[in-house]
Amino acid sequence: MPSMYVNVPKLEQETKNTLAAKLYDAAAPVLKAPHIYTFVNEYETLYENGKPVQHNMVVANIEAGPIKEEKVNAIAEGMRAAVREVLGEENELTLVFHDNGLDRVAIGGVTIATKTKK
């Protein structure tokens, strides 16, 4: 089951809810997963090269099964558009896609590969 970890600047709850929904809408059709858990972490200060900066950055990490690079690019494009729609055109998204093979993801204490073999 894929998961997203999204780091965002401090936001109002309604804005966080809207952003999480739009990020899900961008990723779900490409990942074709029944569920995607999204964890939103807020930061107070963004640092670049060890120094505080004033611009906002959204960093999303997705952990999912293997997919082709074109699909990762499609997710990145859709998620970038979602960030800009919700937070404004001056905001940027960095996406890190972690390609987890099925034998390395465990749910309920058992790897997915083990469950599918039964």
Side-chain angles (χ1 to χ4, degrees):
M1 175 172 350
S3 58
M4 281 194 277
Y5 300 87
V6 184
N7 296 302
V8 300
K10 286 268 186 197
L11 301 171
E12 297 292 326
Q13 186 63 48
E14 187 174 321
T15 304
K16 279 192 293 190
N17 293 346
T18 301
L19 181 61
K22 298 252 182 210
L23 293 173
Y24 168 81
D25 289 344
V30 180
L31 293 175
K32 296 182 176 153
H35 302 283
I36 299 175
Y37 289 107
T38 303
F39 302 88
V40 178
N41 302 302
E42 293 179 307
Y43 62 82
E44 289 193 32
T45 307
L46 177 65
Y47 295 87
E48 184 175 9
N49 299 331
K51 296 184 170 102
V53 292
Q54 295 302 314
H55 58 66
N56 292 331
M57 170 69 72
V58 173
V59 178
N61 287 273
I62 295 179
E63 295 181 359
I67 63 173
K68 294 183 179 190
E69 186 173 350
E70 303 85 52
K71 290 188 176 191
V72 175
N73 288 334
I75 293 170
E77 184 179 318
M79 289 177 70
R80 181 177 186 242
V83 165
R84 290 180 163 203
E85 178 185 340
V86 176
L87 302 180
E89 289 294 319
E90 69 281 358
N91 290 274
E92 196 52 73
L93 168 85
T94 297
L95 172 64
V96 180
F97 191 91
H98 301 278
D99 185 339
N100 292 329
L102 291 178
D103 60 341
R104 293 180 278 150
V105 177
I107 297 173
V110 179
T111 63
I112 292 173
T114 301
K115 286 184 178 188
T116 58
K117 289 177 188 173
K118 290 181 181 180

**OP:** Would you name the heavy atoms of A76 and L93 that are closest together and state the gap between them?
**Re:**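 Shortest heavy-atom separation between A76 and L93 comes out as O-CD2, 3.8 Å.
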
Original post:
What are the two closest heavy atoms between V58 and P9, and how far apart are they?
Top reply: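 In this case the closest contact between V58 and P9 is CG2-CD, 4.4 Å.
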
Subject >> Residue pairs involving residues 50-75 (criterion salt bridge (Lys or Arg N to Asp or Glu O under 4.0 Å); sequence neighbours excluded) >> reply: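 The answer is none; no pair qualifies.
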
List, one per line, each side-chain donor-acceptor pair under 3.5 Å for residues 22-47, sequence neighbours excluded.
from: K22; atom 1: NZ; to: E85; atom 2: OE2; distance (Å): 2.9
from: E42; atom 1: OE2; to: L11; atom 2: N; distance (Å): 2.8
from: Y43; atom 1: OH; to: M57; atom 2: N; distance (Å): 2.9
from: Y43; atom 1: OH; to: M57; atom 2: O; distance (Å): 2.7

Subject >> Hydrophobic cluster identity match, V72 and Y5, side-chain contacts under 4.5 Å >> reply: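 Looking at the clustering, Y5 is in a separate group from V72.
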
Subject >> ILVMFWY network linking V59 to V8, side-chain heavy atoms under 4.5 angstrom >> reply: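 Not linked; separate clusters.
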
Subject >> Side-chain donor-acceptor contact under 3.5 Å, E77 with N73 >> reply: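 On atom types as modelled, these side chains do not qualify, holding no pair under 3.5 Å.
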
**OP:** Test side chain to side chain contact (heavy atoms under 4.5 Å, CB included) on I67 and D99 and set out the steps.
**Re:** CA-CA 8 Å; I67 63 173; D99 185 339; over 6 Å; no

Quick one: pull up [atom1] in [X] and [atom2] in [Y] and give me the separation to the nearest 0.5 Å.
| X | Y | atom1 | atom2 | result |
| --- | --- | --- | --- | --- |
| R84 | N91 | CZ | CG | 8.0 Å |
| T18 | K16 | OG1 | NZ | 11.5 Å |
| T94 | M79 | OG1 | CE | 10.5 Å |

Subject >> Which residues share a salt bridge (charged side-chain N to carboxylate O under 4.0 Å, His left out) with E90, sequence neighbours left out >> reply: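 Per chain and number, E90 pairs via salt bridge (charged side-chain N to carboxylate O under 4.0 Å, His left out) with no residue.
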
**OP:** Kindly say whether E92 contributes a backbone atom to a donor-acceptor pair with the side chain of R80 at under 3.5 angstrom?
**Re:**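 Checking the backbone N and O of E92 against the side chain of R80, no donor-acceptor pair under 3.5 Å is found.
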
